[in-house]
Structure formats: structure tokens, C-alpha cells
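Numbered from 1 within each chain, the chains take letters A, B, ... in sequence-line order.
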Number of protein chains: 4
Amino acid sequence: MSTTPRTARGTRTRARLVAAAEEVFGSLGYHDASIVKITEEAGVGLGTFYLYFEGKQAIFDEVVEDLNRRVRHAMTEAARAAGNRIDAERAGFRAFFRFTAEHPALYRIIRQAEFVSPGALRMHYTRIVNGYVEGLKAAREAGDIREMDVDTVAWALMGIGEMLGMRWVLWNKEADTEAGAVAEIPEAEFEEMMRFIERGMAPVAPGKGAGE
Amino acid sequence: MSTTPRTARGTRTRARLVAAAEEVFGSLGYHDASIVKITEEAGVGLGTFYLYFEGKQAIFDEVVEDLNRRVRHAMTEAARAAGNRIDAERAGFRAFFRFTAEHPALYRIIRQAEFVSPGALRMHYTRIVNGYVEGLKAAREAGDIREMDVDTVAWALMGIGEMLGMRWVLWNKEADTEAGAVAEIPEAEFEEMMRFIERGMAPVAPGKGAGE
Amino acid sequence: MSTTPRTARGTRTRARLVAAAEEVFGSLGYHDASIVKITEEAGVGLGTFYLYFEGKQAIFDEVVEDLNRRVRHAMTEAARAAGNRIDAERAGFRAFFRFTAEHPALYRIIRQAEFVSPGALRMHYTRIVNGYVEGLKAAREAGDIREMDVDTVAWALMGIGEMLGMRWVLWNKEADTEAGAVAEIPEAEFEEMMRFIERGMAPVAPGKGAGE
Amino acid sequence: MSTTPRTARGTRTRARLVAAAEEVFGSLGYHDASIVKITEEAGVGLGTFYLYFEGKQAIFDEVVEDLNRRVRHAMTEAARAAGNRIDAERAGFRAFFRFTAEHPALYRIIRQAEFVSPGALRMHYTRIVNGYVEGLKAAREAGDIREMDVDTVAWALMGIGEMLGMRWVLWNKEADTEAGAVAEIPEAEFEEMMRFIERGMAPVAPGKGAGE
DNA sequence: GATGAATGAGTATTCATTCAT
DNA sequence: AATGAATGAATACTCATTCAT
């Protein structure tokens with residue numbers, strides 16, 4: 001997207017800008033983030049920004065894209081490392097929360113995107129949901145979960161993740177946690193949420209219902 | 001909030017401003033909404049605005065408060081009208097989606113609030129969730145749903161509602177629907193979502209599991 | 001053009017801006033003239049500018065329009081005051097030079113207009129030329145000048161006026177004249193120019209040729 | 001002017017830059033012409049520009065100088081080829097218009113120069129006028145034209161040429177002429193203009209007045 | 001000789017807010 | 001109560017110029 005650097009130095013500079021933008025968008029929000037603030041954070045001159053990005057929106061889109069790629073990567077890696085299918089699912093979910101806990105900017109940025117870049121917003125959710133859909137389809141075929149409209153359920157999972165993540169990460173009950181500290185996911189609540197989800201998807205087969 | 005009008009005329013003016021603000025914030029977003037645009041939409045002079053509101057944030061908070069009150073009212077009314085507890089739950093949910101479909105501004109406005117007015121954002125979700133919590137507690141006591149951490153589940157429901165609402169209302173599959181048309185909630189998906197939720201909450205008792 | 005003020009105060013402010021713009025455009029040129037400089041010269045706040053003008057171009061066009069109206073006014077007034085037709089012509093020409101001597105900005109501004117506002121440029125020349133054309137037609141009908149394509153001749157007169165005006169006003173031989181001093185039109189050269197023009201237009205009739 | 005290349009390759013590069021600058025200045029105007037655009041048009045790297053020119057003004061001056069040299073060359077060549085003095089004069093004028101028709105950039109560039117490079121502007125007009133002065137002096141001595149202040153008349157001719165040229169070349173009545181097409185000088189108007197000029201200069205001697 | 005990454009001063013424009021009427 | 005003229009801080013973006021490679 002935007003202009004691609006032609007030298008190694010340029011590549012470094014561009015990457016520094018994206019990192020700085022994530023930081024600044026995350027803490028100030030899109031509108032209060034200014035290009036100057038981003039370039040200062042990145043330690044480059046103002047004009048340099050326009051060497052690599054067409055404007056504020058362009059770098060915003062790129063930050064969303066970048067975070068999206070990384071959160072999905074974290075999720076698939078975690079799932080892959082898990083033993084069986086049901087553990088994989090939990091691992092993926094946990095990775096999602098861990099990532100957002102470490103990158104609260106993700107929420108803040110995404111939730112801004114409605115007016116800033118609707119396309120980026122939709123892309124972000126859709127890609128993650130697609131990951132869920134794949135997983136659910138496989139599980140369904142394996143008989144691990146019941147017959148159901150995986151699409152609707154996948155979006156529901158996305159909603160659960162977003163809302164609980166917001167609650168845990170952004171509204172960190174111990175609001176007095178010093179800034180910068182990574183929010184801890186409350187294990188008990190996470191488990192409660194997972195059980196709720198698993199009951200909702202449990203296969204029909206009597207005796208092995210997730211309800212117990 | 002802000003200044004209260006002393007005359008009937010003043011009350012009307014103030015109300016016109018709130019209505020205009022809902023419209024403008026909803027279609028333009030907080031930052032692109034300007035006070036001039038709001039006053040023009042309201043058909044009053046620019047200076048008049050500051051007679052009733054301390055500033056842009058103040059009217060934003062009021063709009064959020066107003067929408068929140070109305071959506072909750074719609075939900076409780078619908079639930080009250082229902083026959084039994086399980087129907088009440090569905091009715092409430094359906095009312096939520098209907099309201100958001102009729103007021104897409106709600107989403108757009110709320111999702112902006114993260115940086116504009118974090119307090120208003122939290123207030124909005126918390127009040128709705130509290131409504132869920134009350135309902136769930138009663139249902140739990142009646143044995144209609146299982147023993148569980150209703151708090152966590154209530155937030156999960158909030159998340160499901162927000163995400164599916166966004167999907168149905170904002171990303172209206174038939175994007176060619178003429179602007180202004182109220183989005184139709186897809187009944188099949190709504191039912192699928194409700195079943196997912198009900199299975200997640202179904203009481204343990206064998207034989208009456210929501211799973212079937 | 002642009003926004004019209006609704007109050008007397010506004011009208012005054014707007015007029016001050018136009019005057020300031022003439023001054024600043026004239027001494028700095030379009031590109032080095034900044035809105036701040038114009039508003040400072042006018043003694044109003046920066047934002048005030050945008051109350052009355054859509055932008056830099058808009059006020060430029062208005063300045064051209066204004067100067068054009070005034071130079072034509074000066075010319076017709078002078079011509080009207082003259083006794084006979086031949087004197088009227090000279091008087092008009094002289095008024096043109098006097099006006100440009102008093103408003104050197106006219107040249108500087110007009111000559112910039114090629115890229116800034118081609119429409120304004122053309123309008124300026126065309127309106128003045130139209131004045132010449134009217135005069136020449138009347139003179140031709142009265143037999144004061146010969147049969148000829150008055151259009152072409154009128155444009156030629158415009159060119160002569162512009163070039164000699166530029167020479168006299170802008171390149172004021174005594175360049176050491178303190179800035180702000182009004183350039184003096186060299187009478188001898190003016191007369192030489194008028195004779196050249198008059199010979200070019202003189203009626204065919206022998207005996208009354210302007211050539212003698 | 002500026003740095004002189006030391007190699008044949010350098011000479012070519014420099015020439016390409018001047019040509020590109022004529023093109024870019026001509027179509028975009030001084031201020032909207034950027035060094036990048038010039039170097040892109042020339043097909044060289046940005047930094048290369050500063051190898052041969054001190055800055056934007058420097059290349060502008062050079063372009064003016066170059067165009068000036070070429071238009072005068074065209075005029076003297078045409079005049080030399082003509083048989084007698086009166087034909088030489090017409091031929092020179094015609095060459096002037098033809099050149100400007102083929103290089104409309106000339107006008108556009110020159111008319112910008114007022115603030116960009118007043119020296120270049122004056123130089124341009126003065127050199128051409130000097131050519132006229134030489135011709136007029138010779139003609140006067142030969143008795144082909146009357147006694148008169150050739151200086152003033154020469155500037156008048158310059159003005160006529162510039163204004164009618166602008167009219168013919170820039171405002172090409174058939175504006176629908178496809179871009180890039182060379183404007184055709186309207187013969188009838190050209191002749192009318194020449195007759196006007198010739199009458200203005202015609203010798204006193206009765207019987208051979210240009211007036212007939 | 002040639003290049004293009006880096007820079008930051010400069011500028012048009014927007015908009016929340018104040019205040020005299 | 002209502003108005004709208006006035007303000008200036010804030011900000012995205014451009015571009016001539018430098019310089020290390």
C-alpha cells in the first residue's frame with residue numbers, strides 16, 4: 001500500500017512509522033493523532049511521512065491491516081500448538097485475548113474505524129470471523145460440534161470476544177494499574193465464557209453434552 | 001445536563017438540538033459533525049447552541065444518554081408484553097435489534113465514543129448489561145436457566161447483540177437498499193443466534209436441555 | 001461572489017479584506033501573498049477571511065473584478081468630461097495610464113492571472129477592449145476614423161497601453177524614486193504614442209489625415 | 001549560467017532538463033511546476049537537477065533566456081530572407097507570431113516572470129524591442145518611415161504583438177482545437193494589424209502614405 | 001555523474017467557542 | 001431567548017533543497 005521504499009534504509013523508516021502510528025493511534029485516537037506526533041514518535045522528519053504514505057488514512061489502514069495480520073497469526077499459531085480440536089479452540093480464543101491485552105490499541109483503533117475507514121473495519125472483522133468459520137466447519141465435520149449455521153455462530157463468537165476483551169482490557173477493573181501494564185485476563189471469567197460457548201455448540205449426542 | 005431551558009420555547013429549541021445532533025453525529029461521526037451543522041439541521045442560530053450545552057461533548061453525552069434510555073425502554077416494554085420468561089428474553093433481544101435497525105446512528109455513535117467520551121460509552125453498555133443481569137438472575141432463580149456467572153454471560157450477550165447488529169444493520173447485505181430504508185433483521189439468522197444463546201444457558205436438567 | 005455579509009459591520013470587514021488583498025497581491029504576487037498577510041493587513045482575524053471568501057482564488061477574482069470596474073470607470077468618466085471625440089479618446093487613454101500609475105498592483109496582479117485565474121484575466125482585457133470597440137465604432141460612424149476592423153485595432157490599443165504602461169509604471173526609469181511614489185507619465189512619450197495611434201486610425205480623406 | 005557540465009553526457013542531461021522545464025513551466029506555471037516534475041519529465045533523478053542548476057529560479061531564467069534567443073533568431077532569419085525593408089518588417093512580425101504559436105509556453109512563462117524574475121522579464125522584452133529599434137532606425141534613415149521616437153513606437157509594437165499573440169494563441173477562438181495543435185494565425189486580422197502599424201509609421205511624403 | 005531518502009519551513013483551511021447586539 | 005460575526009489555535013500536506021551513497 002502507498003509507496004514502497006526502494007532501499008533497506010527506506011524499509012526501516014517505513015516500519016518505524018507504522019509502529020509509531022500504532023502507538024499514537026492507540027493512545028490518542030485517530031483524530032487527535034497528528035502526523036507530527038507520529039513522525040516525532042518515529043524519530044523522523046515530518047516530510048518523510050509523505051514519502052511512504054499518501055496521508056493519514058493510508059497509514060491508518062496499514063496499521064489495521066498489520067494488527068489484523070498479527071492477531072490472526074497469534075491465534076493460528078496457538079491453535080496449531082494445541083493437542084486436540086477442543087483445546088485448539090480454547091487456545092485460539094486465549095491467544096486472541098492475550099494479543100488484545102498486549103495491544104489494547106487494537107480495540108481502540110478498530111472501534112474508531114467506523115467513520116475513518118469502514119472498509120478496514122469490515123476487513124478486520126471478516127478475516128477473523130473467516131478463521132472461526134474454517135475452524136467451526138472442520139469441527140462440525142468431525143462431529144465435535146453440532147449441525148448449525150457456522151456463519152452466524154462465528155459472528156457471535158467475534159462479538160463475545162470483542163465485548164469481553166473490551167471489558168477486561170480497556171476497563172481493567174483495577175484501573176489503578178499503572179499505565180502500560182499488560183492487563184491480566186481473569187481466568188475464572190474466561191472459563192465461564194468458554195463453557196457458555198461450548199454449551200452453545202455442543203453436539204446433540206446425549207451423554208456427551210457440553211452441558212456437563 | 002448542561003443548562004435547562006426556562007421557557008416552553010426554550011425546551012422545544014433544546015429538544016430540536018438533541019434530535020439534530022443524533023442525526024448529524026450518526027451520519028457524519030463525531031469529528032466531522034460540526035456545531036454549525038447541528039444548528040443548521042435544528043434550524044436555530046449558532047449561538048443558540050451554547051445557551052443549552054456546554055460544548056460538543058456535552059451534547060454528545062446527552063445524545064448517548066437519550067438513545068440509551070430509549071433502547072432500554074424499547075427492550076423492557078417488549079419483554080413485559082411477552083407471555084413467559086423465555087419469550088420475554090427473545091422479545092427483548094428482538095426489540096434491541098429492531099431499535100438499532102431503526103436507529104443505526106446508535107452503533108455509529110457508540111463506537112465513536114471510546115475517545116470522545118469513555119464514560120458515556122461505559123455507561124451505555126453497563127446499563128444495558130445490567131438489564132440482562134436482572135433478567136438472568138430472575139430466570140436462574142426460577143430454574144429456567146442453569147447456575148452460572150450471569151455477569152460474564154450478560155456481557156457475552158451484549159457482545160453478540162452488538163456484533164450481529166452491526167453486521168445486519170450497518171453492513172446490510174443488500175447494500176443496494178435505498179438509503180434511509182430500515183434494515184430488515186434476517187429471521188433465520190436471528191433464530192440461529194437465539195438457539196445458540198439458549199443452549200449456552202439451558203438448565204442442566206436432562207430431558208429439558210435446550211440442545212434439542 | 002462568495003458570501004455576502006448580512007450586517008453593516010460585515011460589509012465593512014469584507015471591504016477591508018478586498019482592499020488589503022489588492023495591496024498584498026500587488027506587492028507580493030499571488031503566490032507569496034498568504035491569507036494571514038491579507039488578514040493582518042486588513043486588521044482582522046484569520047478565520048474571518050473564510051467568512052466572506054471561499055478561498056484565495058475567490059478573493060483574487062474579486063480584486064481583479066474590482067480593479068477592472070474602477071479602471072473602466074476612470075476611463076469613461078474622463079472621456080465623458082472631454083469636449084470632442086478626439087479629446088475623449090486621449091482623455092480615456094490618459095485616465096488608463098493615470099489609474100495604472102496610481103495602482104501599479106493592477107499590472108502585477110493581472111499578469112499573474114494567467115495560471116491563477118484565466119477567466120479573470122480574459123474578463124479583464126475583454127471588458128476594457130469592449131469599451132474601446134464601442135468608442136471606435138462611434139468614431140467610425142462619425143467619420144472621425146477610417147473604415148477598419150475595430151476589433152483588431154481595439155486589441156492593438158490594449159496591447160500598446162499595457163506595454164507602455166508597464167514600461168512607465170513598473171520600470172520607472174528613475175527606479176530610485178522612493179517606493180510608494182506615484183509614477184509620472186512622461187508627457188512627450190505619451191504624445192508620441194497618441195500620434196502613432198491616431199495616424200493608424202486616421203480617416204482616408206486627404207487633407208485631414210492625422211499624419212500631419 | 002549555473003554549473004557547466006564537463007562531459008558530453010552531462011551536456012545532454014542539462015539540455016534535457018532545460019527542455020523539460022520549458023514544457024513544465026509552460027503547462028503548469030512557475031509555482032505549480034516542481035523540481036520533481038521537471039526531473040521526471042527529463043527522465044533524470046531528482047538530485048541530478050542540482051548538479052546543473054542552482055535552483056528553481058536559475059532554470060527559469062535559463063528557459064526565458066533560451067526562448068528569447070530562439071524567438072529573436074526566428075525573427076531575424078525571417079527578416080533577412082525577405083526582399084525589401086517593408087517585407088522584412090512583416091516577415092519579422094509574422095515569425096514572431098508563428099514562434100509564439102508554436103511555443104505558447106513563451107507567453108505563459110513570460111507573464112509569470114513579473115514576480116519570479118523581474119530581471120528576466122525585462123531582459124526578454126528589452127532585447128526584442130532593441131531588435132525593433134534597430135530595424136526602425138534603419139528604415140527611418142532610408143526614409144521608409146517618418147521621423148519619430150522609434151523607442152516609443154518599438155515598445156508599442158511589442159505591446160501589439162504580445163496582446164494579439166495572446167489573443168490568437170492562448171485564446172484560440174476555436175477552443176475545441178485538440179490540445180497540442182498549433183494555433184493558426186488568422187491572416188485577415190494579421191493584415192489588418194499590419195496596416196494599422198504601417199499607417200502609424202508611414203512617411204509624411206504625400207502620395208506614398210501607407211494610408212492608402 | 002547520478003540518485004533518491006530525508007528534511008522542515010510554510011500555508012490554506014476548519015471549527016469550537018466567545019460576545020456584542 | 002436568539003443570533004451570527006469574529007477569532008486563532010490546530011493540522012494535513014507540499015516542495016525546494018541537502019547529502020550520503
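- Within the nucleic acid shown, I35(A) comes within 4.0 Å of sugar-phosphate atoms alone, with no base atom in reach, counting heavy atoms only.
- Looking at which nucleotide of DNA chain E each of V36(B) and A33(C) is closest to, the 5′-most match is held by A33(C).
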Subject >> side-chain contact (heavy atoms from CB on, under 4.5 Å) assessment of E114(B) paired with R122(B) >> reply: CA-CA 9 Å; E114(B) 177 67 44; R122(B) 219 172 148 164; over 6 Å; no
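- The two residues S117(B) and Q57(B) have their closest heavy-atom pair at OG-OE1, 3.4 Å.
- When rounded to the nearest whole Å, the span between CD of Q57(C) and C1' of dA12(E) equals 13 Å.
- We find that CG of L28(D) is positioned 14 Å from P of dT14(F), with the value rounded to whole Å.
- R14(A) has its CZ atom 14 Å from the C1' atom of dA5(E), to the nearest Å.
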**OP:** Just do the side-chain contact (heavy atoms from CB on, under 4.5 Å) check on F115(B) and H31(A) with the steps written out, would you?
**Re:** CA-CA 9 Å; F115(B) 287 96; H31(A) 281 96; over 6 Å; no
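- Contact annotation: T13(D) does not reach the phosphate of dG1(E) (side-chain N/O to OP1 or OP2, under 4.0 Å).
- Taking the side chain of L51(D) as heavy atoms from C-beta on, and the options dA16(E), dA6(F), dA2(E), the nearest nucleotide is dA2(E).
- Taking the six-membered ring where the residue is Trp, F60(A) and F25(A) present perpendicular rings, their angle passing 60° and hence far from 30°.
- A straight line from OH of Y52(A) to P of dA12(F) spans 20 Å, rounded to a whole angstrom.
- Rounded to whole angstrom, the span from the CZ atom of R9(A) across to the P atom of dT3(E) amounts to 18 Å.
- For the pair L46(C) CG and dA12(E) C1', the computed distance is 9 Å after rounding to whole Å.
- The CG atom of L17(D) sits 12 Å away from the C1' atom of dA2(E) (whole-angstrom rounding).
- Within 4.0 Å of T48(B), counting heavy atoms only, lies at least one base atom of the nucleic acid.
- dA5(E) is paired with dT18(F) under the criterion used here, namely a Watson-Crick or G-U wobble arrangement in which both key atom distances are under 3.5 Å.
- Taking every side-chain heavy atom of S34(C) into account, dA12(E) is the closest of dA12(E), dC15(E), dA2(E).
- Remark: of the listed residues I110(D), I59(D), L106(D), I110(D) is the sole one forming a side chain to side chain contact (heavy atoms under 4.5 Å, CB included) with V64(D).
- Picking from dG4(E), dT3(E), dC13(F) the nucleotide with the shortest atom distance to the side chain of V44(D) gives dT3(E).
- When distances are taken from the side chain of T7(C) to each of dT14(F), dA5(F), dA9(F), the shortest belongs to dA5(F).
- Listed nucleotides: dA6(F), dG10(E), dA12(F). Nearest to the side chain of Y50(A): dA12(F).
- One atom, NZ of K37(C), and another, C1' of dT11(E), lie 10 Å apart when rounded to the nearest Å.
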**OP:** Apply side-chain contact (heavy atoms from CB on, under 4.5 Å) to the pair L17(A) and E41(A), showing each step before the final yes or no.
**Re:** CA-CA 8 Å; L17(A) 281 166; E41(A) 173 80 23; over 6 Å; no
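- The residue among P5(B) and Y30(A) whose nearest nucleotide of DNA chain F is located toward the 5' end is P5(B).
- Looking at heavy-atom distances under 4.0 Å, A8(B) makes no contact with the nucleic acid at all.
- Nucleotides of DNA chain F nearest to F49(B) and D32(A) differ in position, and the one nearer the 5' end is that of F49(B).
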